[in-house]
Every structure is written in C-alpha cells, then in structure tokens.
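Have a look at the structure below, then the notes.
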Amino acid sequence: MIEAGKPAAKLKSEALQVLLERGLVHQCTDLEALDAKLAAGPVTAYAGFDATAASLHVGHLMPLMTMRWLQKLGHKPIIVLGGGTSQVGDPSFRNEARPLLEQQQIAANIAGIRRSIERLLDLEGEDGAQLVDNAEWLTEFRFLEFLRDYGAHFTVNRMMTFDSVKSRLDAQMPLTVLEFCYMMLQAVDFLELARRHDCSLQVGGSDQWGNIINGVELGRKGEGRQLFGLTVPLITTASGAKMGKTAAGAVWLHPEHLSPFAFWQFWRNTADADVPKFLRLFTELPMNEVIRLSELQGAELNEAKKILATQVTTIVHGAEAARHALEQGDALFAGQADNLEPTHRLPLVRLAEGLGLLELLVDVGFATSNGDARRLVEGGGVRLNSKVVDDPRRRISSGDIGAKDALTLAAGKRRKALVRFE
RNA sequence: GGAGGAGUGCCCGAGUGGCUAAAGGGGGCGGACUGUAAAUCCGCUGGCUAAGCCUACGUUGGUUCGAAUCCAACCUCCUCCA
C-alpha cells in the first residue's frame with residue numbers, strides 16, 4: 001500500500017506527513033484529496049470501537065495514536081463506542097459468527113473501554129475529543145424506514161465482493177443477514193457523524209477497510225458528500241506473530257485487566273528488532289530522538305526499551321504510573337525490594353489459612369492453573385525471595401515475609417512480583 | 001438431488017482395538033548462554049484436594065473385558081456428478 005516510515009515530501013498537510021513518517025498509514029481512499037483537506041483546516045475524524053471485551057488492548061493503540069496525532073495537530077477526534085453495532089457483531093475476516101453479546105455485557109464493556117479513551121484523548125473544552133455511542137441513532141431506526149433510506153444505496157453484488165466477507169462465503173460457512181448488514185450499519189454511522197458533526201474521515205484497522213469504504217460510498221451516493229477512509233497497518237512482531245499476545249493473554253489497556261507494572265514490562269521486553277518500529281508507532285518522541293534511540297547497539301538498546309516502555313505507559317496510564325512502574329522494575333530486577341510499593345496485595349489471613357506456593361503463583365498471574373504452576377516450579381523457574389524453590393508442595397509461611405509483610409516472587413527471568421500481605 | 005473423502009490437543013499434523021494424555025513440527029513457558037534481546041542447545045507443554053483420580057480425538061448412542069481407532073444416526077466441511 002503506502003510506504004510507511006518515509007517522509008512524504010509532496011504532502012502539504014502536517015497531519016499526513018506525521019502519520020506517514022510514524023508508520024500509521026496503511027491505506028487511504030484518496031490520499032491527495034485528504035491531504036488537501038487536512039492542510040486547509042481542521043477536520044473532524046472518527047474511529048469506532050465495538051464492545052467485544054471489557055478493555056481495549058495494544059492492538060487498538062494504533063488507531064488511537066492516530067487520533068492523538070490528529071488532535072495534537074489541530075483536528076477534532078470523535079470516538080464511537082459501538083453500543084449499537086456490538087449487538088450485531090462484525091463478521092470481517094472471521095469464519096464464524098461472534099457470540100451475541102447481552103445488553104448488560106455491552107454496557108459493562110463500554111464502561112471499561114471509555115476509561116482508556118478518556119486517558120488517551122483530551123476530552124476537555126470546545127475542541128476536545130467527543131465520545132458518542134452509536135446506539136444513540138442505530139436503535140432509533142424503524143426497519144422499513146431504514147431499508148428505504150439506506151438499503152437502496154447498497155447492492156448485494158457489491159457487498160459480496162469485499163475481502164472481509166469473501167473467505168466466509170468461499171468456505172461456504174454461513175454468513176447470516178444479521179452479520180452481513182454490519183457493514184451497512186457502520187456505513188450509516190459514518191454518514192450520521194458527517195451530518196451531526198461534519199465528520200469526514202474514518203480511521204480504523206486494516207480489517208475495517210471494507211466497512212469504511214461502504215461508508216465513504218454511502219456518503220457519496222446518499223448525499224454527495226466526500227468522505228475519507230484511512231486504515232492503520234496490522235502490526236506483527238519481528239518473529240512474525242500478531243503483536244500483543246502473551247502467555248497470560250492479551251495486553252490490556254485497562255489497569256484492572258493488566259497492571260501498569262505488567263504493561264510497562266511488556267514493552268520493556270520488546271525484541272531488539274522491534275524497537276525502532278515501536279518507538280515510531282507507540283511513542284510521541286520527536287523523530288530525531290526516535291532515530292537516535294533506534295541506532296543504539298547491543299546492550300545499549302536496553303535504554304531505548306526502557307524509554308519506550310515509560311513513554312507508552314505514560315500515554316496509557318499516566319506519568320505517575322509510568323514512573324512508578326519504572327522504579328518498581330528497576331528495584332525488583334536489582335533485587336532491592338525495600339521501600340518499594342508492592343505489585344500485588346493479598347489479605348494477611350491467606351497466610352493463616354495456609355497458602356501454597358502453587359496457589360500464590362496462580363494468584364499473582366504467573367501461572368494459569370495449578371498444574372501450570374507445578375511445572376514452572378519443577379522446571380526450576382521459580383524464585384521465592386531470590387532463592388530457587390523447586391518443591392511444588394512448598395507452603396508460604398510467616399517466615400517468608402519480611403519486616404514489611406512482603407515477599408518477592410519471580411517466574412523466570414522477566415516476571416517479578418512483590419507481594420504484600422495486609 | 002447422487003457418489004466419495006474428511007473432522008484429533010493453542011495451531012499444523014500422525015495414529016485404524018489395549019503399550020495413547022495421544023508421534024512429529026510450530027507456537028508458548030522454563031533452564032543454560034546473554035543484555036529482562038536474538039540465535040543455539042536442553043526440558044516442559046489437559047485439569048484436580050496429584051505416586052491417585054477426572055476430562056479429552058465433530059455430536060449422540062452402540063459393540064467390546066477394553067474404542068481416537070469398529071458399528072449406527074446426526075452435524076459440519078471438501079471433491080466429483082446432476
């Protein structure tokens with residue numbers, strides 16, 4: 001598509017120059033025209049998130065970073081929470097229908113997502129980013145009215161040509177009308193935002209291309225509006241895996257699903273080869289600084305990784321949490337746990353009730369099950385207060401906790417915890 | 001509508017009556033080496049109140065002392081024919 005990371009000299013708008021140089025652009029419906037529009041004045045742009053989980057994860061950071069840049073450069077972001085579309089389920093590139101979500105679940109998920117958005121974008125004031133829920137208009141439609149107003153602008157022929165549904169059709173897996181109409185709903189969202197807020201740009205993941213195109217086309221056919229679509233690339237790590245999955249699961253943005261400390265550690269553990277790319281995509285350091293850090297060699301790259309981790313954590317969890325995570329990490333890895341805030345807290349009664357080492361490993365999240373913890377211990381990967389413990393029957397006793405009622409626990413070389421009983 | 005083939009653990013993929021919690025590979029985790037990196041080598045990789053027990057080879061039944069393996073029905077996918 002569009003070469004990422006290369007400054008585009010012929011572009012007039014600062015916004016596109018920055019996005020391109022950061023590597024945040026994958027495809028655009030009309031790069032030149034969008035460039036002209038962005039150069040001419042403030043543009044309102046939106047990105048939507050369905051309520052499929054109680055928290056966003058690092059994959060969502062790409063469109064969110066794009067929105068941050070746009071806001072920073074004088075444009076206006078709108079974030080659409082998919083309270084309406086989540087009731088349908090996006091079939092894009094999936095071979096099976098998503099399980100339908102209950103209203104209650106959707107509401108809970110939206111609350112969790114909202115929290116991260118509020119951190120990532122500035123919602124204050126006249127020019128602040130706006131948060132809207134598409135249930136607001138989608139639930140108002142009456143069926144016949146909807147079909148007459150919008151159905152005429154979509155042809156099934158065209159809808160079936162999108163890659164996002166083709167694999168499902170090719171595999172002869174059922175694609176229900178419910179799911180098939182998802183792209184219509186997203187298209188209507190775009191038009192609705194154009195009407196209500198003069199929004200003319202939609203940003204999304206590369207899997208959203210088909211849905212975005214539908215909106216752009218609806219805008220043109222429906223009322224002659226020129227709308228734009230921009231997708232961000234799908235990020236894979238140097239080893240080829242989809243980014244953001246760890247043994248413990250997704251890398252969540254919500255602090256209750258993944259602690260800022262663990263979040264910071266995720267970035268700290270970036271492979272060497274990914275450091276330049278991640279600095280560009282996930283931090284807002286000036287490019288000359290990004291380049292300087294990217295050129296560091298060997299062990300020196302560790303400094304760049306720390307900066308990367310602290311920068312991203314600052315954006316997602318705030319400066320205070322980031323500084324804290326950095327300090328916790330430094331102290332834990334240096335083996336100086338004194339005067340340190342715990343990474344985990346457990347009630348003191350747990351000790352009296354009798355707490356096994358395996359149970360503790362599961363509680364802290366270093367193992368997914370008792371058996372998993374057992375294997376970890378038997379493999380010699382567990383340290384309790386810096387001493388290897390390979391007996392899976394080991395119990396935690398008051399003798400293990402120091403003056404501060406805390407103990408340190410490590411699983412392997414990179415996962416460390418300071419657990420306080422209180 | 002007819003004929004044939006296939007459905008195995010996170011993924012790919014062997015396995016045609018007991019020795020199969022299921023070969024091999026990938027991925028993941030741990031150990032050694034390092035720099036909380038990569039590469040390499042080694043180990044582990046269903047659950048539990050753990051020398052025992054439970055769950056598992058598309059689903060449900062059946063045959064058998066014993067089934068991922070045999071039989072029946074059903075579901076799904078693939079190929080060929082109409």
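Sequence lines set the chain letters: A, B, ... in the order given, protein chains first and strands last, and positions in each chain run from 1.
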- Task: Whole angstrom is fine here: how far is it from CZ in A/R374 over to P in B/G46?
- Result: 14 Å
- Message: Can you tell me if A/S369 touches the phosphate of B/C48, counting only side-chain N or O atoms and a distance under 4.0 Å to OP1 or OP2?
- Response: yes
- Which pairs pass ring-ring contact (aromatic ring centres under 6.0 Å, His included) with one or both residues in residues 269-321 of chain A, sequence neighbours excluded? A/F263-A/H317, A/W267-A/F278, A/W267-A/F282, A/F278-A/F282
- Note on the structure: Sorted by chain and number, sequence neighbours left out, ring pair (Phe, Tyr, Trp, His ring centres under 6.0 Å) with A/H60 holds for A/F49, A/H57
Atom pairs under 3.5 Å: protein N/O with N/O of nucleotides 30-33 of chain B:
| unit_1 | atom_1 | unit_2 | atom_2 | d |
| --- | --- | --- | --- | --- |
| B/G30 | OP1 | A/R415 | NH2 | 3.2 |
| B/G30 | O2' | A/G379 | O | 3.2 |
| B/C33 | N4 | A/K413 | NZ | 2.8 |

- Heavy atoms of other groups near A/E102 CD, more than 12 under 6.0 Å: no
- Message: Would you measure the distance from the P atom in B/C10 across to the matching atom in B/A23 and give it in whole Å?
- Response: 14 Å
- Integer-rounded Å distance: B/A37 C1' and A/L308 CG: 13 Å
- A/D372 CG - B/G46 P separation (whole Å): 10 Å
- side-chain contact (heavy atoms from CB on, under 4.5 Å) partner of A/L131, chosen from A/L81, A/I110, A/L121: A/L81
- Message: Tell me whether A/E422 at atom CD has more than 12 heavy atoms from other residues, nucleotides or ligands lying less than 6.0 Å away.
- Response: yes
Side-chain donor-acceptor pairs under 3.5 Å in residues 374-384 of chain A, sequence neighbours left out?
| unit_1 | atom_1 | unit_2 | atom_2 | d |
| --- | --- | --- | --- | --- |
| A/R383 | NH1 | A/S386 | O | 3.4 |

- Write down the distance separating the P atoms in B/U64 and B/G9, rounded off to the nearest Å. 30 Å
- Which whole number of Å gives the distance between the P atom of B/G1 and that of B/C74? 14 Å
- Task: Write out the stems for RNA chain B, ordered by first number and formatted as range with range, counting runs of at least 3 consecutive Watson-Crick or G-U wobble pairs under 3.5 Å.
- Result: B:1-7 with B:75-81, B:10-12 with B:24-26, B:27-32 with B:40-45, B:46-48 with B:52-54, B:58-62 with B:70-74
- Message: Would you measure the distance from the C1' atom in B/A38 across to the matching atom in B/U8 and give it in whole Å?
- Response: 34 Å
- If a pair satisfies salt bridge (charged side-chain N to carboxylate O under 4.0 Å, His left out) and one of its residues is in residues 315-333 of chain A, list it, with sequence neighbours excluded. A/K306-A/D330, A/E320-A/R323, A/R323-A/E327
- Query: Would you say the side-chain atoms of A/Q202 and A/N211 include a donor-acceptor pair closer than 3.5 Å?
  - Reply: no
- Message: Please confirm whether the shortest side-chain N or O distance from A/N370 to OP1 or OP2 of B/G47 is below 4.0 Å.
- Response: no
